[in-house]
Amino acid sequence: MTMMLAKLDQAHHFHPFTDIRPEMNPPLVMVAGEGCVLQDSNGQSYLDGAAGLWCVNVGYGRSEIARAVEEQIRSLAFVQSFNGMTNEPVAKLSARIMAKAPDHIRKVFFGNSGSDAIDSAVKLIWFYNNLLGCSAKKKIIARQRGYHGVTVAGGSLTGLPNVHRLFDLPIDRMLHVSAPDSYHSPERDVASYAAELEELILREGPETIAAFFAEPVMATGGVLTPNKEYYAAIAEVLDRYDVLLVLDEVVTGFGRLGTWFGCQYFDIKPDIICTAKGLTSSYLPMVGEKIWNVMEDKRDTVAVYSHGFTTSGHPAAAAAALANLDIIEREGLVERAGRQGAVLAKRLTESCANHPLVGDIRTCGLLAGIELIEDKASRKKFPDSIAIATRVVQQARNNGLLIRGLVGNVAAFSPPFIVSDEEIDEMISRFVHVLDMVEHDMRSARLNV
Ligand SMILES: Cc1ncc(COP(=O)(O)O)c(C=O)c1O
């Protein structure tokens with residue numbers, strides 16, 4: 001069975017973010033999930049230290065969500081959201097999301113993924129500036145190492161060369177500043193990042209800069225965790241030049257930092273919040289009052305806002321999201337994410353900080369990145385050819401642990417919010433074992449040179 005499925009998949013499935021050489025991707029067919037544990041078709045179990053792609057926050061096997069989706073599909077499988085048509089779950093969900101979001105956030109727009117949330121935000125910003133008659137104010141600034149998805153606008157804002165190379169990205173109008181990296185650039189203070197942003201705005205002309213996009217914690221870029229002072233300094237520059245702030249909360253939204261949104265954790269006031277994963281299959285950019293007020297003022301000019309997707313506000317997705325929020329609230333999972341994040345941080349530090357491969361451990365809420373380093377003392381990075389994070393992730397998989405390998409030689413944990421202390425201990429014990437194995441292999445390889 002396993003071989004048959006693996007063959008079918010290898011022959012026909014065009015995988016995202018996957019090396020297209022089949023020998024680089026040993027087939028792994030997953031068949032079941034419960035809590036934090038996944039099972040493959042050979043009966044082998046895996047502790048999911050990553051919650052899928054930082055998204056299965058309430059854990060696997062929640063029949064409550066399955067029932068909600070089934071009931072909704074049986075009673076009403078689809079309703080379009082164009083021209084004011086709506087449905088019960090999405091109307092209730094919109095109100096419920098607004099109750100969690102900061103007070104100045106006024107409206108929620110539904111789509112299908114994190115990437116199209118970003119594209120929807122970009123188009124809304126261009127639309128908004130056209131309404132205001134600021135037809136030159138269209139450029140958008142993001143950060144190197146940031147990840148904002150892969151669509152044409154989102155992929156352009158992503159600050160990773162592999163997402164640009166051979167795809168003709170970034171498109172023009174998209175600019176990047178440095179990522180805040182206190183480990184490799186300890187000499188840079190908050191003021192220097194704010195000054196770099198200001199210089200770029202002045203060089204390009206403030207009348208051309210529309211918005212700044214940022215993840216509260218840079219996830220894919222290596223779990224880079226700036227502080228409140230950084231965001232306060234950035235916000236001051238943005239205010240000075242009337243530049244909108246968009247927070248990409250695709251990873252941090254709906255509880256991962258121990259607050260409903262990352263903007264509440266860092267005390268930031270964004271004009272738009274983009275989010276996706278944590279609300280289950282739907283996604284949503286949320287629009288702040290600054291933009292919504294202009295839309296309302298110009299309602300006669302706007303007439304129809306000609307943007308949206310067939311499945312925007314899908315009733316079954318909204319039903320899944322409502323059931324998911326029920327679970328998060330009933331089980332106090334946002335607070336639990338904060339608590340278990342502290343446990344994860346403490347245990348990682350105790351068990352890994354002195355390991356020769358570990359340079360830096362960065363944590364924020366239930367999100368942890370462990371930077372793997374060739375030389376601890378000088379902070380010398382491994383050459384890309386070693387692909388150290390890939391080795392560790394692969395070896396972890398062989399040892400029944402799923403974690404993620406990120407940009408900058410970082411291995412990352414972002415388990416479901418329900419993760420127990422015992423599961424955290426087991427994940428870390430397997431991780432340390434894997435680090436020992438990889439280090440041993442590399443030492444032997446060096447001796448054999
Ligand atoms: C911060 C951030 N923004 C956007 C995205 C894109 O989301 P999607 O894969 O749903 O398009 C991701 C995906 O990991 C992400 O981490």
Side-chain angles (χ1 to χ4, degrees), residues 14-18 48 50-57 109-123 140-160 162-164 167 169-170 174 176 179-180 211-226 231 245-257 261-263 265-266 268 270 272-286 309 311-312 314 317 320-321 324 362 364-369 393 402-408 410 412-415:
F14 188 169
H15 280 258
F17 279 100
T18 297
D48 187 0
L53 294 174
W54 359 69
C55 55
V56 191
N57 292 349
F109 182 94
F110 291 92
N112 304 299
S113 72
S115 298
D116 72 44
I118 298 291
D119 278 44
S120 292
V122 168
K123 283 184 69 185
I140 306 211
I141 303 176
R143 295 176 296 183
Q144 290 146 13
R145 292 175 72 172
Y147 187 77
H148 301 291
V150 292
T151 42
V152 172
S156 294
L157 290 175
T158 288
L160 301 172
N162 56 318
V163 173
H164 295 164
F167 288 107
L169 298 181
M174 307 299 193
H176 293 87
F212 178 73
F213 277 56
E215 300 157 80
V217 174
M218 291 178 83
T220 304
V223 189
L224 298 179
T225 55
Y231 284 111
L245 172 61
V246 180
L247 278 192
D248 179 344
E249 298 235 27
V250 168
V251 169
T252 52
F254 299 101
R256 183 148 294 278
L257 302 187
F261 295 99
C263 61
Y265 184 96
F266 288 106
I268 320 169
I272 298 179
I273 299 174
C274 295
T275 180
K277 306 180 188 252
L279 189 69
T280 72
S281 44
S282 34
Y283 100 104
L284 47 151
M286 292 181 239
F309 307 96
T311 46
S312 285
H314 194 288
N324 185 55
R362 299 187 280 271
C364 191
L366 195 49
L367 204 54
V393 168
L402 300 177
I403 49 175
R404 297 200 62 199
L406 305 177
V407 173
V410 172
F413 285 84
S414 55

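What you are looking at is a predicted structure, and each value in this text was computed from that prediction instead of being measured. In each ligand, atom 1 is the first atom listed, and ligand 1 is the first ligand listed.
Partners of Arg404 by salt bridge (Lys or Arg N to Asp or Glu O under 4.0 Å), not counting sequence neighbours: none found. Applying the side-chain contact (heavy atoms from CB on, under 4.5 Å) test to Ala368 and every residue at least two apart in sequence or in another chain returns Leu344, Leu348, Thr363, Phe413. Looking at residues two or more places apart in sequence or on another chain, you find a side-chain contact (heavy atoms from CB on, under 4.5 Å) between Asp48 and Leu38, Ala50, Tyr60, Leu402.
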Tabulating one pair per line, provide the atom names and distances (0.1 Å) for every N/O atom of ligand 1 that is less than 3.5 Å from a protein N/O atom.
residue	atom	partner	partner atom	Å
ligand 1	3 (N)	Tyr147	O	3.4
ligand 1	3 (N)	Asp248	OD1	3.2
ligand 1	3 (N)	Asp248	OD2	2.7
ligand 1	10 (O)	Gly114	N	2.8
ligand 1	11 (O)	Ser115	N	2.8
ligand 1	11 (O)	Ser115	OG	2.6
ligand 1	14 (O)	Lys277	NZ	2.9

- Query: Between Phe261 and Phe254, does a ring pair (Phe, Tyr, Trp, His ring centres under 6.0 Å) hold up when you go through it step by step?
  - Reply: CA-CA 6 Å; Phe261 295 99; Phe254 299 101; 5.2 Å; yes

- Message: Assess the residue pair Phe309 and Asp116 against the criterion (side chain to side chain contact (heavy atoms under 4.5 Å, CB included)); give the C-alpha distance rounded to whole Å, side-chain angles, the decisive distance to 0.1 Å, and a yes or no.
- Response: CA-CA 10 Å; Phe309 307 96; Asp116 72 44; 3.9 Å; yes

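Nearest heavy atoms, Leu406 versus Thr220: CB-O, 3.4 Å.
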